[in-house]
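To keep things clear, I will list the structure first and then write my remarks on it.
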Amino acid sequence: MERLSVFPTKTYLCPTMSDKKVRVRFAPSPTGGLHLGGVRTVLFNYLFAKKYKGDFVLRVEDTDQGRYVEGAEKYIMDCLNWCGLIPDESPIAGGQYAPYRQSERKAIYREYAERLVSQGHAYYAFDTPEELERNRKEIPNFQYGHAYRNGLRNSLSLKTHQVQQLLDGGEPHVIRIKMPEDETIHFYDMIRGNVSFETGQSDDKVLLKADGMPTYHLAVVVDDYLMKITHAFRGEEWLPSAPVHLLLWEYLGWKADMPQWAHLPLILKPDGHGKLSKRDGARLGFPVYAMNWLDEKTGDLTPGFRELGFLPEAFLNLLAMLGWNDGTDNEIFTLDELIEKFSMERVHNSGAKFDFEKAKWFNAEWIKRSEGGSLKSEVRKILGDKGIVASDDEYLISLIDLVKERCTLLPDFYHQLSYFYEQPKEYDLNAVKPKWTDAKTEFFKSFISLLGKREDFLAPDLEQSFKFLAEEKGLKAGELMLPFRIMLVGGKFGPHVFDIAALLGKEETIKRIEKAQPLLNPPL
RNA sequence: GGCCUGUUCGUCUAAUGGUCAGGACGCAAGAUUUUCAUUCUUGAAAUAGGGGUUCGAUUCCCCUACGGGCUACCA
């Protein structure tokens, strides 16, 4: 039994010690929105590349014409832009190894597939999908492999002249890899360590489809080679097909240039079992895609983290912590810090259930830590969508800084800020009315005239005179503050009431007290 | 079913052949804030089970159970 061993040494693991420039790629297929797990794969690729001053390549795997979705590629680019994970090479940016769309590289793949056929590592297969379907149905555990391939219609079972005849006659066919019956394949995964497979377990994967397009298996190997990819990171769902890829690297004579592999753990449903899917988001009420995704055909809108009010920094941060940590208790990292601290060896090897509560906590932390100035255009947009024009930059920034620790998601700013721009539409009267007295009415009358005489309008001064006046009238300041708040804000929330009054300004504060008075003093 | 892969509080995770098994989210209680939120303090909460190896195993090995992935002319 021949043994194909691909055991890189430990030293090969440290890319800085290799003379090759680090090159990684993210290779999505444009079939829809960009999933959480996809963004995390991008992130880990990006972090690794930037840590070692390497290149991050975006390659579009659009080889499945049946599943191709118009607009998906642009959407993916937009997501990466929003996250700030900008590829060094891509279909849009171009690059030395263009084109970066596999559909545009179609001609390349056939050449390598034919080469494999002539070397005896692959073969033509003429079986129709219907025939295969029937086999799968009739034969338990049917696999197109060493056990059955001789009974099927392919260039291994057919006579040479028959094959030639079929080929010449334009008979639809695919090219399949000929998996060895009895070899053990070992390889080193940067996350999992040594992994091994028996080649006989895998079927003879299609390499080149009848339409001339390559399957993922062929395309990924050819392109990774041609694009000089040094490290191939992808989701764990690819682990079982790794032996096919390893064999291809070997058969094509490129083994020395094979990238280092790492299979990233999956992101799982918070409840129940299985991979996190688009449907789980809808079912459980949280986004699964990075940004809103509109399906043109059905008109279905799948919500995204961006539109829900996540900061890209928080989004990246929470994704990074799903399966990775730096070994300390720190959980908040900027992109630059992640680049500095990241290491593939510290990535967990088991799947992580997604926890939306924790995701929100990350966002709240990031909002709290952000300067009002950096949040202002987002907040302005949120207010604008609700018809509030926040034109004064300086004013808006001071408002944001005042309330940001009360906000978890960006849209929370509307609730926390709208009353600064417009009078309360409703008042939580139940909170004050039962305890209302004429003495309180009297107090606010005096307070208004007191305010009218003020030159300045600063929070501490307001508080002082408010309390002083209360004492003068023989009232408890504490019992007056909640009514005051309701008059200004409408409800039991928000920052210190005197901060609110100060920001509202003299005239507006007086106006609001006056407006609210009749509500508390119904006419007799 | 077969193959691969995994298993520490409910969840994300740290750590070590000898620790009171640490942190975070969430939850609960309390303090501060005469609102809400923040903040602070405290609490409940975990090494899947069984065998080995060992003076000692959560850590190393084996088995079982359970989870997950793959098993397409999809990626």
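Proteins come first, then strands; the chains are lettered A, B, ... in the order of their sequence lines, and each starts at number 1.
A/H121 meets the ring pair (Phe, Tyr, Trp, His ring centres under 6.0 Å) test with A/Y251; sequence neighbours excluded. Scanning for side chain to side chain contact (heavy atoms under 4.5 Å, CB included) contacts around A/A359 gives A/F310, A/L318, A/F354, A/F356, with sequence neighbours left out. Contacts of A/D326 classified as side chain to side chain contact (heavy atoms under 4.5 Å, CB included), with partners at least two apart in sequence or in another chain: A/W324, A/T328, A/F333, A/K341. With sequence neighbours excluded, the residues satisfying side-chain hydrogen bond (donor to acceptor under 3.5 Å, both in side chains) with A/Y100 are A/E89.
Computed from coordinates, the A/I267 CD1 to B/rG67 C1' distance equals 17 Å when rounded to whole Å. When the C1' atom of B/rC3 is taken as reference, atom CG of A/D182 falls 15 Å away, rounded to whole Å. In this structure, the CG atom of A/L276 is 14 Å from the C1' atom of B/rC12, given to the nearest Å.
Here A/N141 does not reach the OP1 or OP2 of B/rG1: none of its side-chain N or O atoms lies under 4.0 Å away. Contact annotation: A/R234 does not reach the phosphate of B/rG69 (side-chain N/O to OP1 or OP2, under 4.0 Å).
Residue pairs meeting the side-chain hydrogen bond (donor to acceptor under 3.5 Å, both in side chains) criterion with at least one partner in residues 401-412 of chain A, sequence neighbours excluded, are A/D401-A/K404.
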Atom pairs, N/O to N/O, protein against nucleotides 44-49 of chain B, distance under 3.5 Å?
none

Grab the N/O contacts between the protein and nucleotides 20-24 of chain B below 3.5 Å, and write none if there aren't any.
residue: B/rA24; atom: O4'; partner: A/E331; partner atom: OE1; Å: 3.1
residue: B/rA24; atom: O2'; partner: A/E331; partner atom: OE1; Å: 2.5
residue: B/rA24; atom: O2'; partner: A/K358; partner atom: NZ; Å: 2.8
residue: B/rA24; atom: N3; partner: A/K358; partner atom: NZ; Å: 3.1

Restricting to nitrogen or oxygen on both sides, can you table the protein-nucleotides 5-7 of chain B pairs closer than 3.5 Å?
residue: B/rU5; atom: O2'; partner: A/R192; partner atom: NH1; Å: 3.3
residue: B/rU5; atom: O2'; partner: A/E236; partner atom: OE2; Å: 3.3

Can you name the atoms? Protein N/O to nucleotides 36-38 of chain B N/O, anything below 3.5 Å, with the distance.
residue: B/rC36; atom: O4'; partner: A/K492; partner atom: O; Å: 3.1
residue: B/rC36; atom: O2; partner: A/R406; partner atom: NH1; Å: 2.5
residue: B/rC36; atom: O2; partner: A/G494; partner atom: N; Å: 3.4
residue: B/rC36; atom: N3; partner: A/R406; partner atom: NH1; Å: 2.1
residue: B/rC36; atom: N3; partner: A/G494; partner atom: O; Å: 3.3
residue: B/rA37; atom: O2'; partner: A/E405; partner atom: O; Å: 3.1
residue: B/rU38; atom: O3'; partner: A/K368; partner atom: NZ; Å: 3.1

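For the P atoms, the distance from B/rC66 to B/rA29 is 38 Å, rounded to whole Å.
Using N1 to N3 plus N6-O4 or O6-N4 for Watson-Crick, or N1-O2 and O6-N3 for G-U wobble, each under 3.5 Å, B/rC60 pairs with B/rG52.
Side-chain rings of A/Y414 and A/Y421 stay apart, their centers remaining 6.0 Å or farther from each other.
For the pair A/R59 and A/F26, the NZ or CZ position fails the cation-pi test of under 6.0 Å to the six-membered ring centre and within 45 degrees of the ring normal. Geometric assessment of A/K358 against the ring of A/W361 yields a positive cation-pi assignment under the 6.0 Å and 45° thresholds.
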Annotated protein contacts, base or backbone, on nucleotides 70-75 of chain B with a non-hydrogen cut-off under 4.0 Å, one of B, S, - each: SSSBBB
B/S/- contact track for nucleotides 60-66 of chain B, protein heavy atom under 4.0 Å: -------
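Of the residues in residues 313-321 of chain A, A/M321 come within less than 4.0 Å of RNA chain B through at least one heavy atom, sorted by number.
Looking at heavy atoms from C-beta onward, A/W366 lies out of side-chain contact with A/L316 at the 4.5 angstrom threshold.
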